[in-house]
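Bear in mind the structure is a predicted one, so any value in this text is a computation, not a measurement. Within every chain, numbering begins at 1; the chains are lettered A, B, ... in the order of the sequence lines, protein sequences first and strands thereafter. We use all heavy atoms of the structure for the numbers below, so side chains are in, but hydrogens, waters and symmetry mates are not.
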Protein chains: 2
Amino acid sequence: MDRKQLPLRADARRNRERILNAAARHFAAQGIDTSLEEIAKAAGVGSGTLYRHFPSRDLLLAALLRDSQEKLLAQAEAARKIDHPGTALQVWLKALQSHLRTFSGLPAPLLAAIKEQASPLATSCQDLLSITEELLVQAQEEGQAKASVAASTLFLGALASAWAADHAEALGTTEEALDALLAQGYLTEK
Amino acid sequence: MDRKQLPLRADARRNRERILNAAARHFAAQGIDTSLEEIAKAAGVGSGTLYRHFPSRDLLLAALLRDSQEKLLAQAEAARKIDHPGTALQVWLKALQSHLRTFSGLPAPLLAAIKEQASPLATSCQDLLSITEELLVQAQEEGQAKASVAASTLFLGALASAWAADHAEALGTTEEALDALLAQGYLTEK
DNA sequence: ACCTGAACACCGTTCAAGT
DNA sequence: ACCTGAACACCGTTCAAGT
């Protein structure tokens, strides 16, 4: 399928940009379940225009995540170059979790995306899962990660900890403490 | 404050029961975000009647959880009688997680309840946190749990794993594997 | 005292009319 | 080709009218 796309009319291109800016602000401030109508209003466009550019909330989200996603893939590349595979896995998981915390409420649609292949978030999610698997297997081959752990379990754990991270302070704990709890489970002892 | 309550008119009492039954079915089948209007319809009452009995979704939820909650408190009592405090903690956390999985989507309102004391779910949540703390401290005193771990972190971890548990199968992993990942982090080695 | 269902508010989504 | 905003649908919540 062609993905030609680009030659947007000047006003359309400007509107698209405005919508993305407003959405980034609102998603960051209120979480990803915030009202799309308000985003359209803040962007100074009619709600129909928002839907023309981003027919679903997931498509808008996917567009917003693109930057963070690319940064993450670069970090994956860096992790691959680390000698010690156990460390590489740890570095990767840390970067992954940071990505998953880009917006509050992000884990839920990402998880949903994995089930419904149709979602625009699905392929990128699959990529992240593949990278996790690749680095996990290498660590396991060197005996630096437990053989009993599956990549999907680790990935789900990362999603879960991102889900919880928003609320860590309110409960009197910290994101770091939560990460530490999770980080113990997959490494081989000592 | 008086909490006299009970002398309900016969029809009111019957309606209350019907609402609870319908809600239990719908919450179990669709998760706790399902439409209250549909629950009222399934119960054969007007929506106003549902709101008269349960002015907020959280109050309805709290009423539904009461049974499960009592069972859980009994399990806490049983855990306290176990000689080995590390085991007692493990048993408790297992029971807690099972409770948190009563309905899909339950972790979110429970977490929210801790922040807003006003919520009808808040006090019961605080109880669960207190029990976690009590059993954790005992395990720590015997050197069977890491001194660096906080009860709130463990509790948040349990909520997070309950959140993820719904989706474990879809991802090709299991609730057990996820639990195992989390279970490693708080015990002292060997 | 309690119930009902119409009414209101809010928001997601579509689409006819405009430029 | 793209935009606007009114229109529709859905659901949570309230309340006047009924018994």
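- Using a 4.5 Å heavy-atom threshold, the side chains of B:Leu128 and B:Trp92 count as touching.
- Between the CG atom of B:Leu50 and the P atom of C:dG5 there is a distance of 14 Å, given to the nearest Å.
- Judged purely by atom type and a 3.5 angstrom limit, A:Arg57 uses its side chain to pair as donor or acceptor with the backbone of A:Asp33.
- In this structure, B:Leu89 and B:Ala139 approach most closely via the heavy-atom pair CD2-CB, 4.2 Å.
- In this structure the side chain of A:Pro109 reaches within 4.5 angstrom of the side chain of A:Asp58, judged on heavy atoms.
- Here side chain to side chain donor-acceptor pair (under 3.5 Å) pairs that include residues 147-172 of chain B, with residues two or more places apart or in two chains, are A:Lys115-B:His167, A:Thr173-B:Thr153, B:Gln97-B:Ser161, B:Arg101-B:Ser161.
- The distance from atom CD1 of A:Ile19 to atom C1' of D:dC3 is 11 Å, rounded to the nearest whole Å.
- Whole-Å rounding puts the A:Arg9 CZ to D:dC2 C1' distance at 4 Å.
- Environment of CD in B:Glu133: sparse, with no more than 12 heavy atoms of neighbouring residues, nucleotides or ligands closer than 6.0 Å.
- Following rounding to the nearest Å, B:Arg52 (CZ) and D:dG18 (P) show an atom-to-atom distance of 17 Å.
- The nearest whole Å value for the distance from the NE2 atom in B:His53 to the P atom in C:dT4 is 9 Å.
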Below 3.5 Å between N/O atoms, which protein atoms pair up with nucleotides 10-15 of chain D? Just atom names and distances, please.
{"residue": "D:dG12", "atom": "OP1", "partner": "B:Leu36", "partner atom": "N", "Å": "3.2"}
{"residue": "D:dG12", "atom": "OP2", "partner": "B:Ser35", "partner atom": "OG", "Å": "3.4"}
{"residue": "D:dG12", "atom": "OP2", "partner": "B:Leu36", "partner atom": "N", "Å": "3.3"}
{"residue": "D:dG12", "atom": "OP2", "partner": "B:Glu37", "partner atom": "N", "Å": "3.2"}
{"residue": "D:dT13", "atom": "OP2", "partner": "B:Tyr51", "partner atom": "OH", "Å": "2.8"}

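- Per the geometry, CG belonging to A:Asp11 stands 19 Å off P belonging to C:dG18, to the nearest Å.
- With a cut-off of 3.5 Å on both pairing distances, the Watson-Crick or G-U wobble partner of D:dA16 is C:dT4.
- Atom-to-atom, CG of B:Asn15 to P of C:dG5 comes out at 12 Å; the value is rounded to the nearest Å.
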